[in-house]
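Comments concern the structure below.
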Amino acid sequence: MSFYKHSQSRRTFLKAVGTAGAGAFLASLNSPADAAEGAATMPTRPYGKSGVQVSILSFGGSLDTSMSLLVLRQAFKWGVTYWDTANSYMGGRSERGMGKYIEKYPGDRHRIFLVTKSHAWTMRGMSRDLDESLERLKTNYVDLFFVHSVRSPNDLDNDMKAWADKMKAQGKIRLFGFSTHSNMEACMLAAAKLGWIDGIMMSYNYRRMHTEDMKRAVAACTGAGIGLTAMKTQGGGQIRTNTPSELKLAGRFLNKGFTDGQAKLKAVWSNPAISSICSEMPNMTILKSNVAAALDRTTLSHRDMELLQHHARKTRAHYCAGCTDICESSALGNIPVGDVMRCLMYARSYGDHERAKEQFFKIAPAARRQMSNTDFTLAEQRCPQGMPISRLMKEAVEEFAS
Ligand code: SF4
């Protein structure tokens with residue numbers, strides 16, 4: 001669709017950059033304002049069979065964007081025109097911030113691929129949430145509406161399809177799909193058979209992308225014309241350089257001109273089936289680094305990918321793969337192990353203790369009380385990542401419950 005195209009071509013940008021490369025170009029900028037006047041063009045990819053081209057980097061808005069209008073402005077100017085938010089993010093402050101931006105720059109709206117989500121599991125609830133989202137976002141439509149955190153293929157029923165068709169007919173949404181952190185491959189395979197899912201956002205990174213299950217799920221979705229957005233692409237945070245091999249890996253990437261964080265983005269972009277990477281970018285530094293990675297066409301070598309996979313294997317017990325069907329059915333009680341693991345990831349990998357606590361307190365009080373006393377022996381035996389579930393559940397209670 002023409003509204004997502006940018007006025008200046010990538011060729012123009014490369015001409016401006018010369019042989020120094022995009023990274024050097026961005027590093028040479030004196031201020032974000034310089035870049036705003038620059039000729040950079042963010043690469044785009046088709047979003048499934050929708051006919052829409054989206055920027056390969058999208059602005060993950062799970063933060064208070066009303067405090068980040070300058071970052072949003074700069075993201076837009078650098079071509080990050082796919083914006084992701086949700087009704088629940090920061091109690092609505094994420095959507096309000098984006099709405100503030102749209103109110104201030106109404107001419108930009110038609111170039112932004114705007115996505116929001118709802119946790120409501122009833123059609124009435126989703127209608128209410130969507131209307132609220134439109135009000136906060138200061139727009140009369142979203143480009144893509146996601147049901148938030150689908151955990152099972154059974155969540156995708158005919159009522160949902162009827163609702164999506166109705167909202168499309170009313171012009172409130174253009175595309176419909178879901179986000180998923182748990183049992184993703186099963187949800188994706190089911191969605192590929194339905195014929196009415198336009199897009200999916202799932203955890204996808206150098207740890208997940210090479211598993212046979214994920215490869216099969218991605219191929220099925222691609223075949224069905226479903227647009228795919230990768231999230232949690234850092235796979236549990238930075239390489240920590242706690243061991244000589246980690247230090248060597250981080251150094252290897254730096255010698256090539258990018259950080260390990262940028263290398264992980266490149267690993268995901270190496271799969272053309274991924275339309276976009278959704279990344280939370282709360283400040284100019286992270287925005288600039290991610291944009292530089294998107295613009296720099298240096299690809300990872302076969303050896304780079306092998307080393308990332310080796311690192312993934314060595315550190316697998318630090319990363320929850322979201323296969324909650326395995327552990328949650330193996331423990332007595334109703335403990336949402338995957339949700340707790342995500343809280344730990346927010347706190348320990350992203351340093352976002354506020355969000356970790358906020359998410360932790362969304363877990364039912366009865367489950368929180370049982371967490372420390374539940375027997376996870378069988379779950380630990382079955383966990384493909386070999387995670388010390390029992391210890392981590394206890395630590396989560398100690399870390400977040402007070
Ligand atoms: S704790 Fe283990 S079994 Fe449970 S979701 Fe995470 S990786 Fe899968």
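Note that ligands are numbered from 1 as they come in the structure, with each ligand's atoms numbered from 1 the same way. Here, residue 1 is the first one in the sequence, and each next residue gets the next number. Bear in mind the structure is a predicted one, so any value in this text is a computation, not a measurement.
Side chains of T85 and E95: no donor on one and acceptor on the other come within 3.5 Å. Looking only at atom types and distance, the side chain of S275 has no donor-acceptor partner in the side chain of Y82 under 3.5 Å away.
Between Y47 and F113, the ring centre distance stays below 6.0 Å.
Not counting sequence neighbours, Y319 has no partner by the ring pair (Phe, Tyr, Trp, His ring centres under 6.0 Å) test.
Note that R109 lies in the cation-pi zone of Y141, set by a 6.0 Å cut-off to the ring centre and a 45° limit from the axis.
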**Report entry** Full working for salt bridge (charged side-chain N to carboxylate O under 4.0 Å, His left out) between R303 and E306
**Finding:** CA-CA 5 Å; R303 184 69 187 140; E306 272 182 354; 2.9 Å; yes

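Atom 4 (Fe) of ligand 1 has C327 SG as protein N, O or S atoms under 2.8 Å away.
Annotation for ligand 1: atoms under 4.0 Å from non-hydrogen atoms of P384 are 3 (S).
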